[in-house]
Amino acid sequence: MAARYRVFSVRVAAVSSLTPHFVRVTLTGDELGAFSSVGLDQRIKVVLPIPGYGFTDLPDGEDWYTAWRALPDETRNPLRTYTVRSFRPDARELDIDFVAHGDTGPASRWVAGCRVGDELRIVGPAVPSSADELPSGAAEFAPGAANRILLAGDETAAPAICAILEALDVTTVGHVFIEVPTDADRLPVTAPAGVEVRWIARNGASHGVRMTDHVHAWASSAVTPVSADSGPTELADVDVDHQTLWDVPTAESHRPVYAWIAGEAACIKELRRHLVRGVGLDRKQVAFMGYWRHGKAEN
């Protein structure tokens, strides 16, 4: 049985401006003593307060999500998905790196005005009661014994990529491409000596274009193209305006390359098509995750 997910009551312990577009919020609270972290690209839900209303009607318990969906719009707290940047269980502190982009959504508005002591709620896995009850669906990075890795994503994937990099074995070899809004948005991160990390600044360019160029160049030099005699790789289409693009393989012991790619769904869809159908990477070698979609709010 998988570990159950629950609502944790936390408060803001610190707010740090990392770059023009990244803000780190450190959360704390006694309830984090029961929080279960799997590390890497672990996702949690951040439940945002309703101005003037807080968390008055936010349900708790194992069936919290069903009860939350049933609430009227005016009392249903906004819910967004984020990556745990780091978790310090002894101190009961959890860091989340937010992308700050003005007054364009509830999370960005909240982080722009949050202060030490403000209340927040997060949803994540509770510490299991036995070793058999492990958190499921919380992290996707599963390279197995791949000889090389590729990590690529936009600013929404940067916290996950940084957390993965800092957890890699020192012998890991690979390439990392992280697209951010400006040159000033490069984040400090520690990576193995054999992993090349490139921060790609858009500086006004269209979202995803420069990251796509870098991934295409990587594929042309690092991946052996599929034989024309083998025919096109089967790949079901995904309507990213109405469906979630989320295709993640489980860890396998033997594969030459493992790729983890996340960010804006339409961009990730095109990279998925190029790497799998165009270049010929096996789907079992690539994790594709549409973290967000232009013009679409998370439900």
Side-chain angles (χ1 to χ4, degrees), residues 10-29 41-52 54-55 77-87 93-124 151-166 176-189 197-211 262-268 289-299:
V10 293
R11 66 184 183 278
V12 176
V15 182
S16 305
S17 179
L18 303 178
T19 75
H21 290 91
F22 285 106
V23 176
R24 177 167 298 167
V25 177
T26 299
L27 303 172
T28 190
D41 54 335
Q42 179 178 2
R43 301 180 310 281
I44 59 172
K45 298 291 185 182
V46 172
V47 188
L48 299 158
I50 298 174
F55 302 96
N77 293 84
L79 198 71
R80 295 294 183 267
T81 304
Y82 281 90
T83 303
V84 175
R85 180 61 182 85
S86 60
F87 177 53
E93 291 183 342
L94 184 151
D95 293 335
I96 301 174
D97 288 355
F98 290 81
V99 179
H101 42 79
D103 192 25
T104 59
S108 189
R109 283 193 294 272
W110 178 82
V111 78
C114 72
R115 300 290 183 270
V116 171
D118 286 356
E119 289 189 25
L120 195 67
R121 303 290 186 270
I122 64 170
V123 179
L151 302 174
D154 60 19
E155 59 266 37
T156 64
I161 292 175
C162 288
I164 290 170
L165 281 172
E166 293 176 350
V176 178
F177 306 113
I178 310 172
E179 183 180 288
V180 290
T182 70
D183 289 301
D185 289 308
R186 302 167 190 262
L187 295 166
V189 64
V197 180
R198 295 186 188 179
W199 292 87
I200 307 161
R202 284 194 299 277
N203 290 329
S206 297
H207 197 111
V209 171
R210 292 182 174 171
M211 179 182 71
E264 199 279 325
C267 173
I268 302 307
M289 291 148 288
Y291 273 8
W292 63 287
R293 177 72 174 113
H294 278 297
K296 296 285 183 179
E298 182 177 352
N299 295 322

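Every value quoted in this text rests on a predicted model; they were computed, and no experiment measured them.
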Could you grab the distance from atom [atom1] of [X] to atom [atom2] of [Y], nearest 0.5 Å is fine?
X	Y	atom1	atom2	result
I178	D154	CD1	CG	10.5 Å
L27	I96	CG	CD1	5.0 Å
E119	C114	CD	SG	13.5 Å
E155	T182	CD	OG1	9.5 Å
D183	N203	CG	CG	4.5 Å
E166	I161	CD	CD1	12.5 Å

Flag, side chain of [X] to backbone of [Y], donor-acceptor distance under 3.5 Å:
X	Y	value
S206	V209	no
T81	K45	no
R115	G113	yes

Taking the basic N atoms (NZ, or NE/NH1/NH2) and the acidic carboxylate oxygens, is any pair closer than 4.0 Å for R198 and E179?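 No, this pair does not count.
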
All heavy atoms of R11 vs all of G117, minimum pair found to be CB-O, 4.1 Å

request  = State, to 0.1 Å, how close P106 and R80 come at their nearest heavy-atom pair, and which atoms those are.
outcome  =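 Taking P106 first and R80 second, the nearest heavy atoms are CG-NH2, 3.3 Å.
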
**Request:** Not counting sequence neighbours, which residues clear side chain to side chain contact (heavy atoms under 4.5 Å, CB included) with A163? List them please.
**Result:**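 R85.
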
So [Y] and [X], do their side chains get closer than 4.5 Å, heavy atoms only?
X	Y	answer
N77	L48	no
V123	I44	no
L79	V46	no

**Asked** Can D95 and T26 be counted as having a side-chain donor-acceptor contact under 3.5 angstrom?
**Response**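 There is such a pair (donor and acceptor under 3.5 Å, judged by atom type) between the side chains of D95 and T26.
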
Going by atom types alone, do W199 and D185 pair a side-chain donor with an acceptor below 3.5 Å?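 No, no side-chain donor-acceptor pair sits under 3.5 Å.
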
- Query: What pairs of residues pass the salt bridge (charged side-chain N to carboxylate O under 4.0 Å, His left out) test when at least one of them lies in residues 99-108, not counting sequence neighbours?
  - Reply: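 Qualifying pairs: D103-R109.
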
Quick check on the 6.0 Å ring-centre criterion: do Y82 and F98 meet it?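 They qualify: ring centres under 6.0 Å apart.
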
Are H207 and W292 an aromatic pair, judged by ring center distance below 6.0 Å? yes

